[in-house]
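Model, not experiment: these values are computed from the prediction. No hydrogens, no waters, no symmetry mates; every other heavy atom, side chains included, goes into these values.
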Amino acid sequence: MNEASWRRLEFDKVKAGVVSNTISPAGRLLAERLEPSTKQRQVEAWLQETYEAAELLGSGASIPLSAMDGIDSFLSLLGKGRIYNEQELEQLSVWLTSVVQMKKYMFSKREIAPTISAYAESMYDCPVLRDELKRCIRYGQLTDQASPDLAYIRRHIYAAEDKIQKKMENALNKYRTSLQEPVISKRHDRFVIAVKREHRKQVPGTVWDESASGQTLFVEPLDASELQVELQQWKADEERERTIILSRLSEYTESFSFELFRNVEAMASFDFITARAKLSRSYNGKKIELSDQPVVRLVGARHPLLGQHSVPLHVELGYKWKQLIITGPNTGGKTVTLKTIGLFVLMIQSGLLVPAEQGSEIGVFQHVIADVGDGQSLEQSLSTFSSHITVLKDMLQAAGPRALLLLDELAAGTDPSEGIALSIALLEQLLKKGALAGATTHFNEIKAFAARTPGCQNGKMAFDAETLKPLYRLEMGEAGESHAFAIARRFGLPEEVMQRAEHLLVRKVDPSHETRTSEQSRNEKEAQKTSSSAAADFINKNLKNADETKAQNPKEAKKPFEKGDAVWIYPLNKMGVVYRPADERGNVIVQIQGQKLTFNHKRLKLYIAKTKLYPGQNEEYDLDIVFESKENRKARKLMNRKHVEGLEIVTKEDELI
């Protein structure tokens, strides 16, 4: 698998989401090592784990995961002769209790999550070790029950401290005139009283400390010194016994090394699985069908990083066609479509649920390579084109039935004619090797290649011609337009620039000046679809004679447009049929794809006059067949015969473009 492509498809961001949902260091380490698997059975197992964990979370249950604070460092020192302190051993005791809770929880959820609940059976609750730790340690200290000797020593310590306390109270009364204040304190683990410096000689004993000002001395009275020596001896005995007990407990803990390591592995797995489920639920992920074949079918898919308000994607690849060429306007969602396809494959092969509807299906791929972005690098001296070529080389090497290859902006970064030729040759080679490929382009030659080549399919990103806004919806089976002029106007380019651009485009595509290009042929077919079926038939019959007609009637294009004329619309780069001739402002209403749009006559050019387009024009051909719906025509005929209550005909005309 290609890690550079993972970053281009933003899989690293999804992976970071998994990492952030872990709560333990061991679980985090597993998440950081997450990579898509190319093994079918492994992917199936991961998906089942994530699905069951998501079901547990969805049922409202709180999975008793452990953060395992300090457990990793504790286990890393097992077998190295370390004597653990009370806090470390108590932490181990608390963690073993969480293991018991996890086992009980998973046992109770075996019907909801049969697969992952079975993992808990491999955990060891170590009841003997847990009980021993609880008996010997409480609140971070050894208990008197830890050993008989410790209990014996502590009884003598309590007795010695009691005797010293009485001696010190007597000293307070005896030397009260020499004291700074009548309190008993401790210095260097010795009981002392606060004596004024000038009265030091009146209180016999040992000075253990003095105040910051030097005016107060902390003196151990001579009457209590022997008892304090005895107390220190008992405390030394207590420390020796403490070391013996902790050594015994540490050695006993090491005898459970295997069980403890297995528990950490199981708890980390639960943390990792739950993190995948949490992330999947955050974007409403679902378990979709995993196919044995290298195919992609997405129904209602939403990119996980775009949220629930994104437009759902419907796309398929690998069933009836191996290659999908996506066209349409800039900012229309072409690149997002490619990224969604690639990212969903990587997520599925990583055991993550995806936000798609029932009917979606994805196979397991050996290679997922994406060429998205310009890839320029100053350090590696890579231009846009050379970076593309580097990725294309990797694609050709990896191409095969189990390869998914995604190419954004085919033929970009170099001379268009050479880039187009290279792109078509590449697509042919990928098709020959049986690889699945998705690509985006603006070039008509590549669209034409997809239209005429078996195993290839065109698709376009929908665009609202009225609002000049992309709809972010993929429509299969038809190539789309770039709508560069419409988008440029929407973003505020000066009208002077736009008119000059349209003029230059007219000179380039005018059929009277040069042979019609493949783009014009495609547009002519598009025009046949936009008009009504009756008009489309005749347009199709007369397109071949369009150039000859204009040559024979050179002045015909200068005449005012009449209802029924076929005209070329420069802003949309399409053909339409005149519905209403120009008004006093020069605005003409044109029918395109069943819609009636208004354009200034300067933006239109006569393509086929109605006299050549429709038969029987001299016999007053009924143009309502072209412009009116079947329902409106029936209603109009009924109105002509009689009055019908509530019957009306509404004709919607769009705003001036």
| message | In terms of relative ring orientation, are F11 and W6 parallel, tilted or perpendicular, with 30° and 60° separating the classes? | response | perpendicular
| Who are the side chain to side chain contact (heavy atoms under 4.5 Å, CB included) partners of E32, not counting sequence neighbours? | V19, R28, L29
| Partner of T50 by side-chain hydrogen bond (donor to acceptor under 3.5 Å, both in side chains), out of E55, R281, R276 | R276
Shortest non-hydrogen contact between [X] and [Y], atoms and distance:
X: S310; Y: H303; result: OG-N, 4.2 Å
X: A268; Y: A26; result: CB-CB, 3.5 Å
X: V372; Y: K339; result: CG1-CE, 3.6 Å
X: G459; Y: L324; result: N-CD1, 4.2 Å
X: A398; Y: I369; result: CB-CD1, 3.7 Å
X: A277; Y: A53; result: CB-CB, 3.5 Å

| Under a 4.5 Å cut-off applied to non-hydrogen side-chain atoms, are Q40 and L290 in contact? | yes
| field | Min side-chain heavy-atom separation V315-I326 under 4.5 Å | value | no
Side-chain ([X]) to main-chain ([Y]) donor-acceptor, under 3.5 angstrom:
X: D565; Y: V567; result: no
X: Q323; Y: L427; result: yes
X: N458; Y: K447; result: yes

| request: Using the test ring pair (Phe, Tyr, Trp, His ring centres under 6.0 Å), find all partners of F272 that sit at least two apart in sequence or belong to another chain. | output: none
Quick one: which residue pairs count as a salt bridge (Lys or Arg N to Asp or Glu O under 4.0 Å) with a foot in [range], not counting sequence neighbours?
range: residues 302-316; value: R297-E316
range: residues 424-443; value: none
range: residues 388-401; value: none

| task | Check the pair M347, L343 against side-chain contact (heavy atoms from CB on, under 4.5 Å), reporting the backbone distance first and the verdict last. | result | CA-CA 6 Å; M347 290 173 65; L343 181 59; 3.7 Å; yes
| Atom NZ of K605 and atom CZ of F561: how far apart are they, to the nearest 0.5 Å? |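 So the gap between those two atoms works out to 9.0 Å.
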| When you check the side-chain N and O atoms of Q48 and E52, is any donor under 3.5 Å from an acceptor? |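 Note: Q48 and E52 side chains meet the donor-acceptor criterion.
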| message | Could you check whether T335 and D408, counting side-chain N and O atoms only, form a donor-acceptor pair closer than 3.5 Å? | response |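 The answer is yes; a qualifying pair exists.
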| query | Do NZ/NE/NH1/NH2 and the carboxylate oxygens of K15 and E35 come within less than 4.0 Å? | reply | no
| message | Among residues at least two apart in sequence or on other chains, which ones pass side-chain hydrogen bond (donor to acceptor under 3.5 Å, both in side chains) with S24? | response |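 For S24 the side-chain hydrogen bond (donor to acceptor under 3.5 Å, both in side chains) partners, ignoring immediate neighbours, are D271.
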| task | Please indicate whether Q308 has more than 12 foreign heavy atoms, meaning atoms of other residues, nucleotides or ligands, lying under 6.0 Å from its CD. | result | yes
| request: Report, as yes or no, whether the 6.0 Å neighbourhood of atom CD on E495 holds more than 12 heavy atoms from other residues, nucleotides or ligands. | output: yes
